[in-house]
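Have a look at the structure below before the remarks.
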Amino acid sequence: MTVQPRKNVLLAPVTVTPTKPLTPSHLKGLLWTDVMFRATAPLAAVTYRYSHTTYHVTEQTVGFWEYLDRTRGETDYGQLSEEEIGDLYVAYRSEDRPQDAAVLRPYRDAVEHGGWVHPASERMLRLWAGHYERLGMHDPGLREHQPPGLGLEEMLERLAAVGLLLDQRHCGGPVYLDLTRYGMPLRRIVTSDGRPNYLACALRELMPLVPWYDEVVLLYDRELDSDYQLLNRVLARLGPTVRRVPIGRVPIDGRITSARHGGWHGHTAGALLDAAAGAVGDGGGTDALRLGMRLYFIATLGPGQSQSFRHDLLRNCLSVAARLLRRAADEGPAAGAADLPGALDRHRRGHTYVDPYRLASSLLGRGRPAPDPALLSAVFL
């Protein structure tokens, strides 16, 4: 038998900036990525790249930090909740006051050269690390200093060298990613006064990484699809197979809104985890909470965004999870279930990564055998 070499896979999900609470939409993307990472690991060499450092320099983050220092002075953020910090972010986004690039430059320099993080975001990341632990999610380095491999100018020079850049800074204009030769629109990535956007940061992070991988998987919010089509095109020129996995947001009361506008009170990660823990009670414990959250946000909501968040369906998934765990403990694995790689391989469709939706959905439905405890432990708990 010929043994195929293990492929190298890079998972690169969109990064949530630590300026507001984790909402149901954020939880969906994070759980989706976590299951993909853990399910693919037995089949390939997987790297999960998730660097907050790279994206701290975007205006929505350093602009928030400047706003806090300007309006809140010496506030002690160490005891604030994620909701309280989120309320400050909503106030910042509603201020609608232009911030001069020179005012934000010291913040960017502190991030780039010293790995500095504002106390408000440091507090948020500490809270998020607690949510990751409760959910049993792999921590890809939430609080680590993980700078991108390319400086901004170096990244722009590399794009220019292959004819993918329109740089108008010499005449006081912005910098554009230029993929017009592929029938794609110009996309501004740096403003005329030197402010990089999220796409520019993603290019700084991923361009030096992807040549080392056979497959790159980009997981992102569907609202960002146009930018990720551009990112896909650039990265594919560097050699690897690039897969885009758009994940729909989770409406609340039928509405999809950005976290910058608020509306997430009662639906933050902390609130949902507390409610879920109460619903599970003593009947299933931590494992039922972790499995139930994944069954809801992955298998029940699916990849689209048509279903609003529903507490009753989440509670139902927690109950289903408790039953599945009891069956797995009582009945043991079905015949042949010990083949974990084989069980996972069934949920790949022409790509190296394992599809979280197919895998999570395979646990549900009448007449299915008890889930393999080894599978549950490796992927869902």
Side-chain angles (χ1 to χ4, degrees), residues 9 11 13 24 27-46 48 130-140 217 219 245 247 269 272-273 275-303 313-349 351-381:
V9 178
L11 301 188
L27 280 177
K28 181 180 177 181
L30 292 170
L31 288 167
W32 205 282
T33 306
D34 184 72
V35 168
M36 183 183 290
F37 170 68
R38 294 168 64 188
T40 306
L43 307 174
V46 188
Y48 180 169
H131 299 332
Y132 273 57
E133 184 176 0
R134 291 181 73 182
L135 285 163
M137 293 196 303
H138 170 73
D139 184 343
V217 187
L219 302 99
V245 182
I247 302 169
L272 295 181
L273 282 167
V280 170
D282 297 328
T286 300
D287 286 351
L289 183 149
R290 292 174 174 177
L291 177 57
M293 293 289 277
R294 287 162 172 80
L295 291 178
Y296 178 67
F297 281 101
I298 299 173
T300 300
L301 291 179
L313 291 183
L314 175 56
R315 288 193 296 270
N316 181 66
C317 285
L318 295 168
S319 298
V320 170
R323 290 198 298 270
L324 287 173
L325 290 166
R326 286 195 295 269
R327 286 187 60 201
D330 294 343
E331 300 177 25
D339 180 17
L340 180 61
L344 295 169
D345 185 63
R346 291 195 291 271
H347 304 291
R348 302 196 289 183
R349 295 181 295 181
H351 40 65
T352 306
Y353 71 85
V354 174
D355 185 326
Y357 177 67
R358 287 168 57 91
L359 178 58
S361 299
S362 71
L363 302 180
L364 305 175
R366 296 181 180 275
R368 294 187 182 274
D372 180 6
L375 173 66
L376 294 179
S377 177
V379 178
F380 294 100
L381 307 179

Leu291: which of Val379, Leu381, Thr286, Leu318 passes side chain to side chain contact (heavy atoms under 4.5 Å, CB included)
Leu381

Restricting to non-hydrogen atoms, name the atom on Pro42 and the atom on Leu344 that form the minimum distance, rounded to 0.1 Å.
CG-CD1, 3.6 Å

What closest approach, in Å, do Ala328 and Pro373 show between heavy atoms, and which atom pair accounts for it?
O-CG, 3.7 Å

Asp139: what forms a side chain to side chain donor-acceptor pair (under 3.5 Å) with it, not counting sequence neighbours?
none

Taking atom OG1 of Thr352 and atom CG of Leu43, what is their separation to the nearest 0.5 Å?
9.0 Å

Residues two or more places apart in sequence or in another chain: which of them pass side-chain contact (heavy atoms from CB on, under 4.5 Å) with Arg346?
Ala343

Which heavy atom of Gly292 sits nearest a heavy atom of Leu314, and at what distance?
O-CD1, 4.4 Å

Determine whether Arg323 and Val320 make a side-chain contact, defined as any pair of heavy atoms from C-beta on separated by less than 4.5 Å.
yes

Where at least one partner belongs to residues 353-373, residue pairs that pass ring pair (Phe, Tyr, Trp, His ring centres under 6.0 Å), sequence neighbours excluded
His351-Tyr353

Do any side-chain atoms of residues 293-301 form donor-acceptor pairs under 3.5 angstrom with protein atoms, and if so which ones, sequence neighbours left out?
{"unit_1": "Arg294", "atom_1": "NH1", "unit_2": "Leu135", "atom_2": "O", "d": "2.8"}
{"unit_1": "Arg294", "atom_1": "NH1", "unit_2": "Arg290", "atom_2": "O", "d": "3.0"}
{"unit_1": "Arg294", "atom_1": "NH2", "unit_2": "Asp34", "atom_2": "OD2", "d": "3.0"}
{"unit_1": "Arg294", "atom_1": "NH2", "unit_2": "Leu135", "atom_2": "O", "d": "2.9"}
{"unit_1": "Tyr296", "atom_1": "OH", "unit_2": "Arg310", "atom_2": "N", "d": "3.0"}
{"unit_1": "Thr300", "atom_1": "OG1", "unit_2": "Leu295", "atom_2": "O", "d": "3.1"}

Sub-3.5 Å donor-acceptor pair from the side chain of Arg38 to the main-chain atoms of Ser377, do we have one?
yes

Considering all heavy atoms, the nearest Thr33-Leu11 contact
O-CD1, 4.3 Å

Give me the atom names and distance for the closest heavy-atom approach of Ser362 to Arg368.
O-CD, 3.1 Å

Test side chain to side chain donor-acceptor pair (under 3.5 Å) applied to His347 - qualifying residues, sequence neighbours left out
none

First locate atom OG1 of Thr40, then atom CG of Asp345, and finally report the distance between them rounded to the nearest 0.5 Å.
10.5 Å

Residues at least two apart in sequence or cross-chain that pass ring-ring contact (aromatic ring centres under 6.0 Å, His included) with Tyr132, listed by chain then number, are none

Where do Leu272 and Pro24 come nearest, in terms of heavy atoms and distance?
CD1-CG, 4.1 Å

